[in-house]
There are 2 protein chains.
Amino acid sequence: MPSANAVAKVPIEAGSEPEKRLRNRAATEQAILAAAKRLLAEEGFQNFGINAVARGAGCDKQLIYRYYGGLDGLVEAIGADLGSWVRDRIPDDNGGMFLLTYGDLMERLTLLFLDALRGDPLMRRIVAWEVSENTEQVRRLSEARSKALAGWIDRMRGSLAPPKGIDAVAVNALIFAAVQHLVLSAAVSGQCAGLALKTAKDWEKAAVALKRIVRGVYG
Amino acid sequence: MPSANAVAKVPIEAGSEPEKRLRNRAATEQAILAAAKRLLAEEGFQNFGINAVARGAGCDKQLIYRYYGGLDGLVEAIGADLGSWVRDRIPDDNGGMFLLTYGDLMERLTLLFLDALRGDPLMRRIVAWEVSENTEQVRRLSEARSKALAGWIDRMRGSLAPPKGIDAVAVNALIFAAVQHLVLSAAVSGQCAGLALKTAKDWEKAAVALKRIVRGVYG
DNA sequence: ATTGCTAATCACCGAACGGTGACAAGGTGG
DNA sequence: CCACCTTGTCACCGTTCGGTGATTAGCAAT
């Protein structure tokens, strides 16, 4: 290997990573944010820290402090993305379907929410984080998430009103809580309270039960 | 200060902590276990570690390795206590009440479970832990908990069977999931999906909604 | 009093953490 | 060409973590 030093001076990445991200702040910021989201989604909030994110982004942690003001700012940037989550993951129309009753609406909402949460590991980790810690970080994230979700629900609801005599806020809180815990538990252990949740058939059972619950309350 | 060394030789704890727990293995083991449970209940699983437990128990961490074989063994010892949790926290009879239908049973079970979970911070932390991590530790804990709970439910059920045509396992999984997430979220943030959960009145609303859901399914 | 067992403590290790200040590298305007 | 500003990197700090010998301290039997 002749002139090894001269070659080594240029990192070997000629064939490994063609993109170098050299002196490009915007790209680096995006890389950091992407690494943070990926890390949080894949590893969970347990080992989520400055060092891990910097390692994942392939840059120095100092840049995280410079560009985001530390982990807090980075987490807030993640929270800002949650608004787009709703737009990306959940259709904002009814797919040509007519929702005649509040029960129709809630059935569709809960099933959509179930599938969306099942398919989004980042969101699951955030939900798990919310019920595990009470730091300012998490509170901000939680707020952003609930706000985005509430807005989406409002848009879907249209002019439909819940039946009189039913505390829809409380009932819906329980239903959404059920979906969240079910999906979280399934993602971690593949089951929830004795109900296996691995195969498509398992999930179909869960969906049927969920519909039955919703219809049991709202008809 | 004459003979300061001699005085310092005896720790000042003469007036601070009358109990010394000197060379008493059984007592030390209990102190460690109690400290672990207290720490887990009050601080959560995030900062739960060998050093923290040793600090909380007021002894050296080496003893945790000796007596429990490390954190894993200690966690298992906590899991072994979960069986007694059911016995302590939840009555195993029906309080002289006659449960005529499966709906009666489930209403009573869910409300009992709700209150029991609300009143037990340790159990809440364990549930939050279960949906946040997937280590062997947590899996063992989870298993112990679900086993104890299933046993209790079985004892309560007696000969009552769910209505035909209803997938009770799936429905009940959702209902228990709802209770768990509701209580966890409330404990952390005082609310769940927009439903405030602080005052007794708030919880009464939640209980009414829960009853409505159960009755909606099981009549 | 001496021996021996065991409960309990101490001292230390390497690693990882969050955080910070100093410095090198790369474009840009004069 | 030079000075300047931004981007990126490096080295280091103090602290905490999990984990492991080596050591001390209390009690019982002989």
Side-chain angles (χ1 to χ4, degrees), chain A residues 5-6 8-13 17 19-36 39-40 43-77 133 135-138, chain B residues 5-6 8-14 17 19-36 39-40 43-78 133 135-138:
Chain A
N5 274 339
K9 197 69 176 176
V10 174
I12 319 109
E13 65 193 286
E17 289 241 356
E19 53 225 346
K20 182 70 168 81
R21 201 173 59 250
L22 213 65
R23 296 188 63 75
N24 183 342
R25 170 159 182 171
T28 301
E29 283 182 1
Q30 286 312 305
I32 291 172
L33 183 59
L39 247 168
L40 187 52
E43 310 287 335
F45 58 92
Q46 286 276 69
N47 295 36
F48 185 73
I50 286 280
N51 291 303
V53 171
R55 242 181 285 123
C59 70
D60 197 277
K61 57 182 169 182
Q62 175 76 18
L63 299 182
I64 300 177
Y65 287 103
R66 274 218 206 109
Y67 298 155
Y68 291 95
L71 249 197
D72 301 347
L74 185 52
V75 168
E76 239 175 302
E133 231 177 4
T135 62
E136 190 59 31
Q137 278 184 13
V138 168
Chain B
N5 274 340
K9 196 73 175 173
V10 174
I12 319 110
E13 64 192 290
E17 289 242 356
E19 53 223 346
K20 183 73 167 80
R21 200 175 56 250
L22 214 62
R23 296 187 63 74
N24 184 342
R25 170 160 180 169
T28 302
E29 282 182 4
Q30 286 311 305
I32 290 173
L33 183 58
L39 247 168
L40 187 52
E43 310 286 335
F45 59 91
Q46 287 276 70
N47 297 33
F48 185 74
I50 286 278
N51 291 303
V53 171
R55 243 181 284 124
C59 72
D60 196 274
K61 56 182 169 182
Q62 175 75 21
L63 299 183
I64 300 177
Y65 287 103
R66 265 216 263 288
Y67 297 155
Y68 291 95
L71 248 198
D72 300 349
L74 185 52
V75 168
E76 240 175 302
I78 294 178
E133 230 176 4
T135 62
E136 191 59 31
Q137 278 183 15
V138 167

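Lettering follows sequence order; numbering is per chain, from 1. Since this is a predicted model, take the numbers as computed values, not measurements. Every heavy atom of this structure was used, including side-chain atoms; hydrogens, water molecules and symmetry mates were not.
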ask   = With respect to the side chain of B:Ile50, which nucleotide from C:dG19, C:dT9, D:dG19 is positioned closest?
value = D:dG19
Contact summary for B:Gln46 and A:Glu133, nearest pair of heavy atoms = NE2-OE2, 2.9 Å
query = Rounded to whole angstrom units, what separation is found between the CG atom of B:Asp60 and the P atom of D:dC17?
reply = 14 Å
inquiry  = Counting only side-chain heavy atoms from C-beta out, which of D:dC17, C:dA8, D:dT7 sits nearest to B:Leu63?
reply    = C:dA8
task = Give the rounded distance in Å between these two atoms: CG of B:Asn51 and C1' of D:dC17.
result = 6 Å
query = Residues two or more places apart in sequence or in another chain: which of them pass side-chain hydrogen bond (donor to acceptor under 3.5 Å, both in side chains) with B:Arg55?
reply = none
Of the listed nucleotides C:dA8, C:dG18, D:dT7, the one nearest the side chain of A:Arg66 = D:dT7
task = Could you tell me the separation between the CZ atom of A:Arg55 and the C1' atom of C:dG18, rounded to a whole number of Å?
result = 12 Å
request  = Starting at atom OH of A:Tyr65, determine the distance to atom C1' of D:dT9, rounded to an integer number of angstrom.
outcome  = 16 Å
task = For the helix from C:dA1-D:dT30 to C:dG30-D:dC1, measure the angle between the helix axis at one end and the axis at the other, each built from five pairs, rounding to 10°.
result = 30°
inquiry  = Can you measure B:Asn47 atom CG to D:dC17 atom P for me and round it to whole angstrom units?
reply    = 8 Å
task = Nearest whole angstrom, please: distance from the C1' of C:dG18 to the CD of A:Gln137.
result = 12 Å
task = Determine: side-chain N/O of A:Thr28 to OP1/OP2 of D:dT7, distance under 4.0 Å, yes or no.
result = no
task = Could you list the residues that satisfy side-chain hydrogen bond (donor to acceptor under 3.5 Å, both in side chains) with B:Glu76, not counting sequence neighbours?
result = B:Arg140
remark   = A:Ile64 atom CD1 is separated from D:dG8 atom P, nearest whole Å, by 12 Å
key: Under the ring pair (Phe, Tyr, Trp, His ring centres under 6.0 Å) test, residues paired with A:Tyr68 that sit two or more places apart   = none
message = What is the distance, to the nearest angstrom, from the CZ atom on A:Arg23 to the P atom on D:dT6?
response = 10 Å
inquiry  = Nearest to the side chain of A:Lys61, heavy atoms from C-beta on, is which of D:dT7, C:dG18, D:dC27?
reply    = C:dG18
message = Using the side-chain heavy atoms of B:Tyr67, tell me which of these nucleotides is nearest: D:dG19, D:dT6, C:dA7.
response = C:dA7
task = Kindly write out the residues that satisfy side-chain hydrogen bond (donor to acceptor under 3.5 Å, both in side chains) with B:Asp60, not counting sequence neighbours, or none if the list is empty.
result = none
task = Name all residues meeting the ring pair (Phe, Tyr, Trp, His ring centres under 6.0 Å) criterion together with B:Tyr67; count only those two or more places apart in sequence or in a different chain, and write none if there are none.
result = none
A:Leu71 side chain reached by A:Ile64 side chain, heavy atoms, under 4.5 Å = no
